[in-house]
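Along the sequence shown, residues carry numbers from 1.
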Amino acid sequence: MFLFSMINKGKIKSFKWTREKYLLIILFLIAMVLVQFFESKFYINPTSLSDSSYKTSWIGNTFGGGNKWVQNQIKGLYVASDGTCYTNSIWDEAGREAGIYKDGDVIDKAEKLHGWGRNGGVAVTANDKYLYIAMQESHSGKPGEDYPPKRVTWYAVRRYDLSGKPAPFTNGRGFDKSMLIINTSDRITGLTVSDNELYVSDPGANQIHVYDPDSLEKIRDWSFKNPSAITIDSDNNLWIVRRPKNTTITPKILKYSKDGVFLQSRITDIIDPTALAIDNQNRLLVAENGSRQQILIYDIQRRKPRLVDKLGVKFGIYAGKTGKTGNLKLNGITGVGVDSDGNIYVSNDGFGNTGTDLRKYSSTGKLKWQLLGLEFVDNADVDPATDGNNVFTKQEHFVMDYNQETGQEWTYKSYTVDKFSYPDDPRLHNNNHSSASVFIRRINNQRFMFMTGMFANHLSVFRFDGEIAVPSAIFARSHSKWPENQPNDGSWLWRDLNGDGAIQDNEYQDLGKADNSIWGWEIDSNGDVWQASEKGYVKHYLFQGLDSYGSPIYDSMASETIEMPAPFTRLERIKYFPDTDVMYLTGYTTDNPKIGKEWGIVGTEIIRYDNWSSDKNLKWRIILPYEPESKLIIKAVDIAGDRVFAVESRSAEVQVYDAITGEFIMTLSPGSEVSNESGWVDIPYGLRAYQRQNGEYLVFVEENAKAKVLLYKIATSNIFFSD
């Protein structure tokens, strides 16, 4: 101790021991013991993180990964008598195009149904021996194997055993002889099977084909214009959806004998019948995907079918509080099936390729279980006014409870797309927005969502009306296929002038020449929109307030163009903090140029500029991992608190840097909680970061393989408990 050392060294010549001095010494000793204790229990260093200071979690999928995940979409559903659910989808990134589920769990998948030239489809059926999957096969195989010629696609039925292994047959086609080629022109839209006949809806030929389910030899066929979903009742009669190619014409459900004779029975009071099934009472179940959003149940014993029951509340996800989820609120119905006990199974896919919501109901309509696989090429962002407790993806709103177990922190609160009220929502039309990430911002204390897609063609702006995100504006860097009434060329701005969320011709504004090299989009805390162009400039659109409908106002006349600062040669991303006048730019520089052919990535450097509005003082430069030959590239970055986060495209590993010094701190990798795996990061804003009031960092990363968003939770950055 300092006092004792001074006495021992004779520095204090005279020291009379008194009661007060004894007390002082005792208090001093207690204080030093406490200091020693706290130094051993806490480590104080705001720029240090250890690998044990973060955990991996996820949102949007019932399961975390490995062998268990809910596929990202279901376009077809068949339910066996024992409740086994067989599904089909055109694409699942991790290869579960055809999934097998039972009792609220993932059982298996149909094998080898995935690849650049091989996909699933929209129809599936099974009997007690085989599983039949509608699929497509393109030219992509090895020499000598059975594949279609170049530029030809087979639309086929592929046969499997009930565990998901291919079941070849005599005269079968394809690399493993398990495919029955139906046509080379159009997708198969319906499958059903009886004890001795397999029925196939073939809109390419406008026919119903009938095959022996064991030999797959054709038995007969007959003409049927635009056939779609199909099922067979207990009397061996067929119910078939006729879906006209002209979408203004209402579909019909028609009754046919198994020999192709129309039995003069039809259902016409439906808008969008997407699936059919027969229950244990020989009633017809119709998935009505129109505005009713219900399963309609018909008594079909007489010539005129009679609606006798329904499953789900009328208007589905839009009933009651619009967008809010509920046990009986269906949302984009793609499939329906029934087991031998009368339990009803429904697959929902939302609108605009949302994701999987597979449910089982009792015969009385009670929800028994639900499986979710909601996210695909998607990322999440936090409402900054809620300390991370409200999180949004491009179509979903989640409420978070970070005290829950890993993977259980999220609750699916609402669906933010209203197809029927706002049919011009970019999320319903624009393929660029089917793979997208969002920016959630508070402007004048109002919540707004901004969104850009995989190729950053647009920045779409949404205001909120309750739980629904209403289209308010679109910045477009160039002409694209949608919307149809956009300007013929150049870059443009659409702004909703009358508050109806619909795009009208008089609501466009010319923004000048097109520039497809714009990859950098940012919305700062003031509501200003920023662009960064590879051509070497920064564009800044000033927020001009809110209009009477609550939409943000932007105008080409209230903008500025700023020259690219040294040492950049190309700009890729931009992030600005107006409160501190700090700008972060990424791209390629004279010292670290572009050497590969990659596109849409962050570049080779992140550079921080202080006093951006005046002298643009370069504070530091972070040299990013960049090995294009080995595909080591950074796809997305974000800044939160005093941390900079940068995610690698292939590994989904996140590099963490100090925002004050630019020094490297640590790497975040997918943990055992998600089987130490992740899909690629495909979107340019596939990483979002936020610091909570308790200092904890939340880092969200796109995980496109298994229909979820990764969540890294990093402990408070300045105090860590020791062991």
Side-chain angles (χ1 to χ4, degrees), residues 76-81 84-90 95-100 107-115 117-149 152-205 207-222 227 230-232 236 238 258-260:
L77 172 66
Y78 174 79
V79 179
S81 60
T84 301
C85 298
Y86 298 98
T87 69
N88 196 5
S89 63
I90 298 168
R96 183 165 277 134
E97 278 80 3
I100 305 174
I107 304 302
D108 215 324
K109 64 177 181 177
E111 295 180 356
K112 299 178 181 179
L113 195 61
H114 180 77
R118 185 181 311 129
N119 309 121
V122 301
V124 55
T125 194
N127 56 20
D128 59 2
K129 191 173 181 181
Y130 294 115
L131 170 65
Y132 304 89
I133 300 289
M135 52 88 68
Q136 64 184 65
E137 177 70 71
S138 299
H139 179 83
S140 62
K142 299 177 182 178
E145 292 185 342
D146 189 16
Y147 283 87
V152 172
T153 298
W154 290 341
Y155 295 98
V157 175
R158 194 171 181 199
R159 192 174 75 175
Y160 292 84
D161 66 24
L162 297 181
S163 69
K165 297 186 182 304
F169 54 92
T170 303
N171 299 320
R173 298 293 304 274
F175 66 95
D176 63 357
K177 312 304 179 187
S178 68
M179 300 178 197
L180 172 67
I181 301 170
I182 303 300
N183 68 56
T184 59
S185 60
D186 205 351
R187 198 180 303 281
I188 297 161
T189 52
L191 291 172
T192 193
V193 64
S194 64
D195 291 337
N196 55 9
E197 293 186 329
L198 172 68
Y199 301 87
V200 180
S201 291
D202 178 8
Q207 287 187 323
I208 301 296
H209 305 295
V210 187
Y211 297 89
D212 183 290
D214 291 317
S215 68
L216 290 178
E217 294 289 332
K218 182 176 281 191
I219 299 173
R220 62 186 175 278
D221 51 33
W222 71 85
I230 183 171
T231 193
I232 190 165
N236 282 325
L238 298 168
K258 65 178 184 177
D259 296 316

Are the side chains of [X] and [Y] in touch, meaning some heavy atoms are under 4.5 Å apart?
X: Ile90; Y: Glu97; answer: no
X: Val210; Y: Asp221; answer: no
X: Lys177; Y: Asp146; answer: yes
X: Val193; Y: Tyr199; answer: no
X: Thr84; Y: Ile107; answer: no
X: Pro148; Y: Glu137; answer: yes
X: Ser215; Y: Thr170; answer: no
X: Phe175; Y: Arg118; answer: yes

Taking atom types as modelled and ignoring hydrogens, do the side chains of Arg187 and Gln136 form a donor-acceptor contact shorter than 3.5 angstrom?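 Looking only at side-chain atoms, Gln136 and Arg187 do form a donor-acceptor pair, the distance falling under 3.5 Å.
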Between Arg159 and Ser178: side-chain donor-acceptor atoms closer than 3.5 Å: no
With rounding to the nearest 0.5 angstrom, report the [atom1] to [atom2] distance, [X] to [Y].
X: Glu111; Y: Lys109; atom1: CD; atom2: NZ; answer: 8.0 Å
X: Asp214; Y: Asn196; atom1: CG; atom2: CG; answer: 9.5 Å
X: Asn88; Y: Tyr132; atom1: CG; atom2: OH; answer: 15.0 Å
X: Arg173; Y: Ile181; atom1: CZ; atom2: CD1; answer: 4.0 Å
X: Ile188; Y: Tyr155; atom1: CD1; atom2: OH; answer: 10.0 Å
X: Glu217; Y: Asn171; atom1: CD; atom2: CG; answer: 5.5 Å

Which atom of [X] lies closest to which atom of [Y], heavy atoms considered:
X: Trp154; Y: Met179; result: CE3-SD, 4.5 Å
X: Asn236; Y: Ser194; result: OD1-CB, 4.1 Å
X: Tyr86; Y: Ala80; result: CE1-CB, 4.1 Å
X: Val79; Y: Cys85; result: CG2-SG, 4.2 Å
X: Pro168; Y: Pro166; result: CD-O, 3.4 Å

side-chain contact (heavy atoms from CB on, under 4.5 Å) between Ser201 and Ile208, intermediate numbers included: CA-CA 5 Å; Ser201 291; Ile208 301 296; 3.8 Å; yes
Go through the structure and list residues passing ring-ring contact (aromatic ring centres under 6.0 Å, His included) with His209, not counting sequence neighbours.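 Testing His209 for ring-ring contact (aromatic ring centres under 6.0 Å, His included), a comparison that skips the adjacent residues, returns none.
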Go through it in stages, so that I can follow the logic: the residues are Ile133 and Leu113, the test is side-chain contact (heavy atoms from CB on, under 4.5 Å), and I'd like the CA-CA distance, side-chain angles, deciding distance and then a yes or no. CA-CA 9 Å; Ile133 300 289; Leu113 195 61; 3.7 Å; yes
Take atom NZ of Lys112 as the centre, draw a 6.0 Å sphere, and report whether it contains more than 12 heavy atoms from other residues, nucleotides or ligands.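 No, not enclosed.
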Pair up each side-chain donor or acceptor in residues 122-131 with any protein partner under 3.5 Å, not counting sequence neighbours, and list the distances.
unit_1	atom_1	unit_2	atom_2	d
Asn127	OD1	Lys129	N	2.9
Asn127	OD1	Tyr130	N	2.7

Between Lys165 and Asp108, does any NZ, NE, NH1 or NH2 come within less than 4.0 Å of an OD or OE carboxylate oxygen? no
Identify whether the distance between the nearest side-chain nitrogen and carboxylate oxygen of Arg220 and Asp259 falls below 4.0 Å.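 Salt bridge between Arg220 and Asp259, a charged N being under 4.0 Å from a carboxylate O: yes.
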For a side-chain contact (heavy atoms from CB on, under 4.5 Å) check, start with the C-alpha distance between Ile219 and Glu197, then their side-chain angles and the critical distance, and finish with the verdict. CA-CA 8 Å; Ile219 299 173; Glu197 293 186 329; 4.0 Å; yes
Main-chain N/O of Pro227 paired with Thr189 side-chain donor or acceptor, under 3.5 Å: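 Checked: pair present.
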Does Thr231 form a side-chain contact (heavy atoms from CB on, under 4.5 Å) with Leu238? I'd like the steps, not just the answer. CA-CA 6 Å; Thr231 193; Leu238 298 168; over 6 Å; no
